[in-house]
K.L.:
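One structure is given below, represented as structure tokens, and several questions about it will come after.
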There are 2 protein chains.
Amino acid sequence: MRTIDKALKLLEEFDESRPEIGLSEMARLSGLDKATVHRMLTTLARHGFVEQNPQSKSYRLGAGILRLARIREASFPVTASIQPVLEQLSRQTGETAHASLLVGDRLATIGICESPKSTRVYLAAGQILHLHATASGIACLAYLPEDQAVRILNSGLEAFTQHTDTDAASILTQIRTARENGHACCDQTYEMDVFGIASPIFSAGGHACGAIAVATPAHRMTGQLRDSIIASVAEAACEASRRIGVEAPESFRRTVNRMVA
Amino acid sequence: MRTIDKALKLLEEFDESRPEIGLSEMARLSGLDKATVHRMLTTLARHGFVEQNPQSKSYRLGAGILRLARIREASFPVTASIQPVLEQLSRQTGETAHASLLVGDRLATIGICESPKSTRVYLAAGQILHLHATASGIACLAYLPEDQAVRILNSGLEAFTQHTDTDAASILTQIRTARENGHACCDQTYEMDVFGIASPIFSAGGHACGAIAVATPAHRMTGQLRDSIIASVAEAACEASRRIGVEAPESFRRTVNRMVA
DNA sequence: ACTATTGGTGATAATAGTGAACCGATAATT
DNA sequence: AATTATCGGTTCACTATTATCACCAATAGT
């Protein structure tokens with residue numbers, strides 16, 4: 001279904017920093033012909049996935065998306081369940097906390113609670129995180145079926161900073177360590193100056209369906225702070241899983257208890 | 001773009017009362033072949049629009065939708081802006097209030113605040129409202145370009161109850177009345193026992209982009225209650241428009257002031 | 001006044017999607 | 001225990017849809 005793929009990829013071009021996109025600009029961004037993009041956008045508009053600003057003629061994400069999100073939240077309230085956990089985690093650690101869910105082979109940020117500190121990590125709403133380059137991603141991979149993890153690691157890993165590890169074998173080692181420890185740490189592998197600590201959120205079946213994480217300015221990180229955040233994040237991950245109706249696997253809970261103690 | 005149309009229509013089959021749908025069921029609901037539906041659902045899944053329950057193999061709306069909704073809300077916070085208005089409106093009237101936005105040729109409910117009363121109108125999250133059969137729809141049509149209104153009225157009007165008016169000319173009269181009065185009333189035209197009163201929410205350019213409404217059990221409705229709700233709804237509509245950065249047109253504001261006085 | 005860019009359109013060339021039949025597995029029925 | 005029906009999923013011959021290019025009118029910039 002290549003046509004559907006292309007149309008849905010158009011929606012990925014929108015983000016917090018680029019909420020409206022004109023026809024020609026979208027054609028350039030997507031690499032598709034302008035006529036094709038126009039037909040796709042009008043089709044998406046008919047279903048409420050985008051809407052056109054009548055003045056500027058630019059397109060933005062549509063109200064139909066809000067409707068679908070409400071339906072999902074009504075029957076499966078992940079965002080609402082996890083938000084209070086994020087707030088407590090942020091309060092406990094004094095840093096920015098966020099949660100993300102697995103969407104395809106990447107993570108989509110679905111909840112953020114910012115630290116009150118003046119120097120804090122800022123995260124854009126709906127940001128996409130790559131599995132190999134973020135603490136959330138490694139934590140997630142650690143509790144995914146290994147064949148899926150291997151497939152992702154072999155699909156070409158992008159470097160985002162000079163610290164991004166793009167070697168599949170080396171990341172597989174990180175993943176195994178994360179599985180043993182119940183958490184993952186990444187030092188500036190996705191964005192400079194950001195240190196991330198994450199633990200997986202579980203879905204029924206014991207596999208990860210997302211992650212909960214704390215992002216700290218890298219310069220602030222010390223061994224002691226790190227250990228304290230790790231314990232809080234792991235506990236928060238357990239609580240988040242519980243709130244969406246899943247008990248974290250026995251092995252994970254043991255690891256967490258060892259840390260908290 | 002027929003393929004995209006079909007794929008996006010699949011998403012419309014989900015609602016609060018049917019949050020998970022299996023492959024064969026979806027094929028039946030959509031009238032498409034099972035093979036086609038399977039290909040479409042896997043494509044939608046790849047982009048996070050649906051996800052598959054690993055146990056039941058059924059499909060449900062995906063986490064990618066939450067991400068897109070957050071991006072839209074971050075740059076254009078309609079839901080967050082209108083929710084407090086709904087809460088005040090519900091408090092003022094003692095009845096269930098809701099807001100909906102124009103999506104294609106229909107309205108999508110994007111906010112609800114339920115009445116505390118024991119007999120109250122219940123609305124499902126993300127419910128779709130048809131323009132010709134609801135107070136919100138008539139209010140919206142009244143402030144849409146007339147050619148668009150006429151096109152919609154000529155596209156085959158479905159009857160939902162024995163009180164649904166499906167005559168285009170007669171609805172056009174209702175629309176004109178609504179434009180004069182700044183509000184619309186519908187007595188059990190969409191659901192039995194529900195009386196709706198609505199006013200339009202405006203977008204830049206003076207056209208309606210949605211509506212704000214109060215739904216009351218029909219047996220409770222009296223002339224006096226009606227007038228009091230109308231004034232509250234019209235004021236709420238003004239406030240809702242203002243909160244999304246649009247001043248309601250002069251003519252509408254005059255009508256509202258006349259009513260409140 | 002000219003040039004470049006915008007949003008948008010239409011006809012053919014190129015590529016895509018469709019669906020009946022089929023598979024193995026599970027669940028219900030006789 | 002055997003039978004029947006349903007499930008999710010796949011295949012391949014057949015057929016439809018979609019992409020592209022050149023072009024238009026309108027607006028913005030030089």
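Numbered from 1 within each chain, the chains take letters A, B, ... in sequence-line order.
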K.L.:
Does NZ or CZ of A:R60 come closer than 6.0 Å to the centre of the six-membered ring of B:F76, within 45° of the ring's axis?
P.N.:
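Yes - A:R60 lies over the ring of B:F76, closer than 6.0 Å to its centre and within 45° of its axis.
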K.L.:
Can you confirm whether B:L141 sits close enough to B:Q174 that some side-chain heavy atom of one is under 4.5 Å from a side-chain heavy atom of the other?
P.N.:
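Not touching, per the 4.5 Å side-chain cut-off.
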K.L.:
Could you tell me whether A:R28 and A:E13 have a side-chain N and a carboxylate O separated by less than 4.0 Å?
P.N.:
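No.
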K.L.:
In whole Å, I'd like the distance from the CG atom of B:N53 to the P atom of D:dC7.
P.N.:
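In whole Å, D:dC7 P lies 17 Å from B:N53 CG.
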K.L.:
Please name the pair of heavy atoms, one in B:F14 and one in B:Y59, separated by the smallest distance, quoted to 0.1 Å.
P.N.:
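Taking every non-hydrogen atom into account, CE2-O, 3.2 Å.
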K.L.:
Testing the basics here: between A:R106 and A:L131, what is the closest heavy-atom pair and its distance to 0.1 Å?
P.N.:
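Shortest heavy-atom separation between A:R106 and A:L131 comes out as CA-CG, 4.3 Å.
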K.L.:
Can you measure B:L32 atom CG to C:dT18 atom P for me and round it to whole angstrom units?
P.N.:
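After rounding, the reported distance stands at 8 Å.
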K.L.:
Tell me whether the rings of A:H47 and A:F49 are parallel (<30°), tilted (30 to 60°) or perpendicular (>60°).
P.N.:
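Rings of A:H47 and A:F49: tilted, 30 to 60°.
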K.L.:
Between A:H130 and A:F160, is the ring centre distance below 6.0 Å?
P.N.:
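Yes, they do, as the ring centres are separated by less than 6.0 Å.
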K.L.:
Treat primed atoms plus P, OP1 and OP2 as sugar-phosphate and everything else as base, then score nucleotides 4-17 of chain C 5' to 3': B for base contact with protein heavy atoms under 4.0 Å, S for sugar-phosphate contact only, - for none.
P.N.:
--SBBBBB----SS
K.L.:
So with a 6.0 Å cut-off around CZ of A:R151, is the heavy-atom count from everything else above 12?
P.N.:
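Correct, the count exceeds 12.
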K.L.:
Any chance you could list the contact pattern along nucleotides 25-30 of chain D? Use B for base contacts, S for sugar-phosphate-only contacts and - for none, protein heavy atoms under 4.0 Å, 5' to 3'.
P.N.:
------
